[in-house]
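Beneath this line is the structure, given in structure tokens, with notes to follow.
Here is how names work: the chains are called A, B, and so on, in the same order as the sequence lines, proteins then strands, and each is numbered from 1.
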Amino acid sequence: MHPFILERPSDLSAVLALRAQAGRNDAPVEYIAGGTDMVQLLQEYVRRPDRLVSLAGVLDDDIEIGPQGLRLGAAATMAEVAAHQGVVEQFPLISQALLNSASPQVRNQATMGGNLLQRTRCPYFRDVGYEACNKRAPGSGCAAVDGENRWHAVLGTSDDCIAVHPSDLAVALVALDASVELRGTGGDRSVPLSDLHRLPRDTPHLETVLEPCEVITAITVPATTAGLRSHYLKVRDRASFEFAVVSAAVAIETDGARILQARVALGGVGTKPWRLPNVETALAGADLEPAVLRQAAALAAEGTRGRGHNDFKIELMQRAIVRAVEIAGARA
Amino acid sequence: MPGAISPALAQAAGAATAPLDVSLRINGTEHRLSLDPRTTLLDALREHLHLTGSKKGCGLGQCGACTVLMDGMRVKSCLSLAALAQGREIKTIEGLAQGDELHPLQTAFIERDAFQCGYCTSGQIMAGVACINEGHAGSPQEIREWMSGNLCRCGAYDHIVAAIQDAAAVSSSTQGG
Ligand SMILES: Cc1cc2nc3c(=O)[nH]c(=O)nc-3n(C[C@H](O)[C@H](O)[C@H](O)COP(=O)(O)OP(=O)(O)OC[C@H]3O[C@@H](n4cnc5c(N)ncnc54)[C@H](O)[C@@H]3O)c2cc1C
Ligand code: SF4
Ligand code: FES
Ligand code: FES
């Protein structure tokens with residue numbers, strides 16, 4: 001690790017003051033929460049902050065369900081949220097996505113805020129032995145576009161970056177219209193999760209709309225999405241403890257064998273958590289019949305671009321949607 | 001991969017920042033240490049406290065060899081900065097037995113021959129203890145899923161699962177259930 005000064009402030013205003021000195025994303029001052037991603041990136045010299053500001057103890061870890069819906073304090077761990085009875089009963093998609101993420105140890109350490117802001121698993125990004133990575137070193141090129149890109153995105157890509165956003169949680173949350181609560185030196189604001197992450201375009205090093213010193217204080221999920229039939233389907237290279245090759249988060253409301261409304265988002269294929277409004281529209285009013293589902297899921301291919309090794313994802317993601325809708329529809 | 005680091009980077013990394021006073025509570029004993037802020041909990045245990053039972057397999061959260069309990073919950077000590085573990089109750093494999101009396105899972109690992117080289121074993125046992133306490137040892141399938149954060153290069157998985165089943169049976173019978 002590059003040497004850094006570790007700050008352990010005891011309240012949020014002190015945190016913001018410490019971070020306010022820094023510039024956007026590639027800042028010499030960075031936050032650390034559970035540390036499960038940050039410590040890896042420090043160990044690999046991918047991040048080299050001069051100063052690391054700990055968020056431990058300054059953000060709440062409350063999990064609350066009220067008339068407005070669900071609120072997850074940014075410091076709540078993946079394990080706590082996954083096991084929370086109210087989440088399991090009313091927002092099972094979130095619990096499933098979390099239980100399909102990482103390992104029990106990591107889930108005990110990792111927080112909600114850190115999960116949404118974890119960095120891509122693109123192997124070129126995480127290995128400083130490769131020079132070309134626009135996300136790590138702006139302007140250096142992209143080793144993945146013509147390299148090993150089996151793990152990379154087919155939606156939302158640019159010629160400058162095709163990295164996948166790796167969070168499973170974010171895929172479930174974006175399907176449920178979640179928002180993040182932010183606090184910065186300029187005050188508080190709320191941003192829909194679908195707007196939190198940016199497309200790479202020609203600035204892949206700018207990953208989110210967060211201002212330099214802003215912290216995520218909470219995640220909120222509207223009550224309107226509680227109690228839907230849902231399923232999180234994760235396709236991966238081994239049965240457990242692996243990132244998604246493709247994942248599908250589906251939540252539907254049905255009337256017998258007919259879908260009234262559907263929410264569909266994909267992981268493993270997008271440069272950000274990817275919601276599919278066109279597939280949702282096609283599913284609304286559709287029968288839970290394989291051929292009908294298949295036709296609706298085909299719309300997910302609109303706008304995709306494979307780069308060779310990852311071409312298979314375009315077909316696989318359609319099948320994942322069909323399977324996830326079928327499983328959700330079969331739930332009591 | 002540490003091997004991939006260029007000499008220039010390694011040299012820059014040599015310049016340490018001011019050490020921090022860190023107080024760690026390990027297996028019931030308070031330890032006062034002066035640590036470089038970069039020190040992980042795993043390195044603090046192994047290099048500074050000479051508690052070498054916790055192993056470093058990958059240093060990146062991927063193998064589970066470094067698993068310890070923090071406030072009763074299993075974590076990967078290679079992904080924790082030691083200074084941020086201050087105030088937490090940490091238990092390592094060295095603190096598991098009560099005197100000469102092994103923890104039931106330690107006994108079960110011996111009886112089931114649940115290791116070959118032994119490198120992953122302390123991590124497997126600490127994770128297994130947590131797996132049982134959490135109530136995630138109800139069936140072989142459940143154990144496999146909830147032990148997926150611990151890899152064994154020797155492939156002793158079948159015996160590890162059996163040992164955890166044995167110890168889970170002991171703990172449920174001693175709890176009267
Ligand atoms: C072995 C392994 C396997 C994994 N597998 C999966 C998987 O299958 N699926 C999956 O989704 N994830 C997986 N992960 C990733 C894991 O979910 C993330 O590492 C974790 O969620 C990050 O949370 P943290 O609290 O540890 O964040 P940290 O590592 O502390 O921080 C991550 C980033 O977020 C920033 N940050 C943290 N909190 C805040 C906040 N409140 N406000 C502003 N900025 C903040 C930090 O500055 C940093 O840039 C895996 C991780 C490991 C180590
Ligand atoms: S895909 Fe993005 S993160 Fe990966 S090498 Fe290219 S620029 Fe870097
Ligand atoms: S050494 Fe910590 S998980 Fe491998
Ligand atoms: S016994 Fe050798 S790695 Fe598990």
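When each of B/Arg74, B/Met73, B/Glu145 is checked for a side-chain contact (heavy atoms from CB on, under 4.5 Å) with A/Pro104, only B/Arg74 meets the rule.
Among B/Ala130, B/Ala83, B/Gly61, B/Ala127, the residue making the largest number of heavy-atom pairs under 4.5 Å with chain A is B/Ala83. Interface summary for chain B: among A/Ser103, A/Gly34, A/Gly35, A/Ser240, the most heavy-atom pairs under 4.5 angstrom belong to A/Ser240. When each of A/Gln105, A/Met38, A/Arg8 is checked for heavy-atom pairs under 4.5 Å with chain B, A/Gln105 comes out on top. With chain A as partner, the option from B/Gln62, B/Glu134, B/His136 having the largest number of non-hydrogen pairs under 4.5 angstrom is B/Gln62.
Heavy atoms of other residues, nucleotides or ligands lying less than 6.0 angstrom from CD of B/Gln98 number 12 at most.
With B/Trp146 as the aromatic partner, A/Arg107 meets the cation-pi criteria of under 6.0 angstrom to the ring centre and within 45 degrees of the ring axis.
A donor-acceptor contact closer than 3.5 angstrom links the side chains of B/Glu30 and B/Ser23. A donor-acceptor pair shorter than 3.5 Å cannot be found between the side chains of A/Thr36 and A/Gln109.
Residue B/Cys131: no heavy atom, backbone or side chain, is found under 4.5 Å from chain A. With a threshold of 4.5 angstrom between heavy atoms, B/Gln86 approaches chain A through side-chain atoms but not through N, CA, C or O. For A/Leu99, the parts lying under 4.5 angstrom from a heavy atom of chain B are both the backbone and the side chain.
Salt bridge absent: B/Asp21 and B/Arg32 never bring a charged side-chain N and a carboxylate O closer than 4.0 Å.
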